[in-house]
S.K.: 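Please read through the structure below; I'll follow up with questions.
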Number of protein chains: 2
Amino acid sequence: MKLSNVIISRLSIYVRLLSELEERRKETVSSAELAELTGFGDAQIRKDLNLLGQLGISGTGYDVKHLQKVLSRVLGLDRQWKVALVGVGNLGSALLAYPGFKQQGFNIIAVFDNDLRKIGKNWEGIVVQDVGELVNAVRSAKIRIGIIAVPASEAQRVAASLLKAGVECILNFAPLRIKLPKEINLRNVDLTMELENFSCFLTNKSRRE
Amino acid sequence: MKLSNVIISRLSIYVRLLSELEERRKETVSSAELAELTGFGDAQIRKDLNLLGQLGISGTGYDVKHLQKVLSRVLGLDRQWKVALVGVGNLGSALLAYPGFKQQGFNIIAVFDNDLRKIGKNWEGIVVQDVGELVNAVRSAKIRIGIIAVPASEAQRVAASLLKAGVECILNFAPLRIKLPKEINLRNVDLTMELENFSCFLTNKSRRE
DNA sequence: GTATGTGAAGTAATTCACAGCT
DNA sequence: AGCTGTGAATTACTTCACATAC
């Protein structure tokens with residue numbers, strides 16, 4: 001079963017919505033209701049869910065509890081994941097303190113920086129290690145997910161270390177395109193790019209008016 | 001000229017790459033070189049750039065300086081944008097301290113929170129205002145871009161206030177799908193979703209092996 | 001010769017619309 | 001009656017391939 005990124009993104013949204021519905025003791029939910037809640041089309045929701053098996057009941061909808069269980073399993077949320085974070089600047093610290101990660105089973109268990117003032121310090125309960133120790137530390141802890149929250153100038157080097165350490169997935173916050181072999185699952189969160197989308201939108205909007 | 005989001009994202013990448021090339025005193029660049037640097041196809045790059053006019057010179061490539069100027073204008077990077085930030089928790093503080101925004105002309109000039117301990121305090125040079133003042137403050141400052149960095153439970157309400165205040169673009173960091181009229185340019189940065197993509201990837205990968 | 005601009009072909013994602021199940 | 005599952009149609013995005021321009 002090969003799920004594309006856009007589908008996985010929607011599954012993430014469904015699973016969150018479902019836990020909400022479950023809390024509200026809702027037993028079943030129809031694709032039309034999910035469409036209303038998410039803003040996606042109802043057919044799309046049925047298509048997405050149908051990829052995971054025949055989960056729906058005609059005339060009734062989907063069983064909230066069951067669907068949530070299936071989605072959680074498919075997304076790998078029924079287990080714990082170890083994560084390495086590189087860079088404890090403003091953004092890195094914020095990520096480390098973000099409670100949402102642990103809630104979903106993502107545990108940042110190793111943190112690295114190259115700033116001597118930070119190395120050895122306790123940061124949200126984790127001791128910051130020298131980035132020079134990254135390869136060994138990440139490899140021996142068998143960490144498969146890495147987060148890059150360092151300045152752009154260092155990001156490519158950090159990525160190379162993570163690769164060497166055997167990491168399979170990298171979330172990059174540095175505003176540049178890292179080059180990595182394509183078997184690595186690389187995702188970029190580029191905040192400036194998001195704002196540039198807005199400025200482009202507003203610029204062209206005004207031009208039209 | 002209607003540019004889709006994927007295209008705007010690529011234009012953002014090009015413009016950054018070009019400023020790098022300009023610093024290195026590179027005069028011209030070909031679509032093949034840009035393809036090598038970005039990982040996109042060369043035809044795609046030519047298609048993207050061609051949307052902005054006939055900017056290339058056959059047999060030579062694109063003039064770095066000129067192309068950069070055109071891209072900056074299209075993306076609206078040749079002017080200043082006022083931004084409102086709602087929520088000064090871990091993430092909000094990190095965004096406020098992030099130097100990349102100001103560099104690109106995005107100035108966070110108003111900050112809001114509902115925490116009495118934060119209201120009135122100076123945060124990176126800006127006084128935090130009560131979220132109750134948001135509508136008036138944002139409207140009178142004519143701010144068109146808003147960033148939501150509050151917990152999920154409050155995000156929809158904050159979005160409604162921003163809408164009321166006349167904001168046209170909203171960047172949402174809360175892990176839920178906000179409902180807004182479609183003329184608002186809403187973009188979501190969902191960190192948990194990114195990690196869920198990884199856990200899904202790793203789960204299915206292991207299953208295959 | 002080298003690199004652009006661009007129709008045509010190919011691929012992916014979404015929406016439509018309805019047969020068939022409960 | 002109500003809602004799913006799904007081929008068919010549509011739309012969006014990407015890649016190919018080559019005539020054209022420098």
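Excluded from the calculations below are hydrogen atoms, water molecules and symmetry mates; all remaining heavy atoms, backbone and side chain alike, are included. Remember, predicted model here, so these are calculated numbers, not experimental data.
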S.K.: For A/Lys26, give me all partners under salt bridge (charged side-chain N to carboxylate O under 4.0 Å, His left out), at least two apart in sequence or on another chain.
M.R.: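 Here the qualifying residues are A/Glu33.
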
S.K.: Return a single string for nucleotides 13-20 of chain C, one symbol per nucleotide in 5' to 3' order, where B is base contact, S is sugar-phosphate-only contact and - is none, cutoff 4.0 angstrom on heavy atoms.
M.R.: SSBBB--B

S.K.: Can you name the residues that form a side-chain hydrogen bond (donor to acceptor under 3.5 Å, both in side chains) with A/Asn90, not counting sequence neighbours?
M.R.: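 For A/Asn90, no residue satisfies side-chain hydrogen bond (donor to acceptor under 3.5 Å, both in side chains) once neighbours in sequence are set aside.
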
S.K.: Check DNA chain C for consecutive Watson-Crick or G-U pairs with both distances under 3.5 Å and list the runs of at least three as stems.
M.R.: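 Ordered by first number, the stems with DNA chain C (at least 3 consecutive pairs each) read C:1-22 with D:1-22.
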
S.K.: Show the atom names and distances, to 0.1 Å, of all donor-acceptor pairs under 3.5 Å that link a side chain in residues 98-108 of chain B to residues at least two apart or in another chain.
M.R.:
unit_1: B/Asn107; atom_1: ND2; unit_2: B/Gln80; atom_2: OE1; d: 2.7

S.K.: Just to verify, what does A/Arg24 make a salt bridge (charged side-chain N to carboxylate O under 4.0 Å, His left out) with, not counting sequence neighbours?
M.R.: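 Result, salt bridge (charged side-chain N to carboxylate O under 4.0 Å, His left out) vs A/Arg24: A/Glu20.
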
S.K.: When you list every nucleotide of DNA chain D with an atom under 4.0 Å from a heavy atom of chain B, which one comes first 5' to 3', and which comes last?
M.R.: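 Result: D/dC13 to D/dC22.
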
S.K.: Among residues two or more places apart or on two chains, list those pairs meeting salt bridge (Lys or Arg N to Asp or Glu O under 4.0 Å) that have a residue in residues 36-49 of chain B.
M.R.: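 Every salt bridge (Lys or Arg N to Asp or Glu O under 4.0 Å) pair that includes a residue of residues 36-49 of chain B, provided the two are not neighbours, is B/Arg10-B/Asp48, B/Asp42-B/Arg46.
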
S.K.: Less than 3.5 Å apart, which donor and acceptor atoms pair up between the side chains of residues 155-167 of chain B and the rest of the protein, not counting sequence neighbours?
M.R.:
unit_1: B/Gln156; atom_1: OE1; unit_2: B/Lys179; atom_2: N; d: 3.0
unit_1: B/Gln156; atom_1: NE2; unit_2: B/Lys179; atom_2: O; d: 3.1
unit_1: B/Ser161; atom_1: OG; unit_2: B/Arg157; atom_2: O; d: 3.3

S.K.: Tell me every residue that passes salt bridge (charged side-chain N to carboxylate O under 4.0 Å, His left out) with A/Asp115, counting only those two or more places apart in sequence or in another chain.
M.R.: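 With neighbours one apart ignored, the set is A/Arg117.
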
S.K.: Side-chain polar contacts of residues 56-66 of chain B - donor-acceptor pairs under 3.5 angstrom, sequence neighbours left out - could you list them?
M.R.:
unit_1: B/Asp63; atom_1: OD2; unit_2: B/Lys65; atom_2: N; d: 3.4
unit_1: B/Asp63; atom_1: OD2; unit_2: B/His66; atom_2: N; d: 2.8

S.K.: Can you pull the salt bridge (Lys or Arg N to Asp or Glu O under 4.0 Å) pairs that have at least one residue in residues 193-204 of chain B, sequence neighbours excluded?
M.R.: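 Residue pairs with at least one partner in residues 193-204 of chain B: A/Arg187-B/Glu194.
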
S.K.: Answer whether the closest heavy-atom distance between the side chains of A/Cys169 and A/Ile184 falls below 4.5 Å.
M.R.: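 Counting from C-beta outward, A/Cys169 and A/Ile184 never come under 4.5 Å.
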
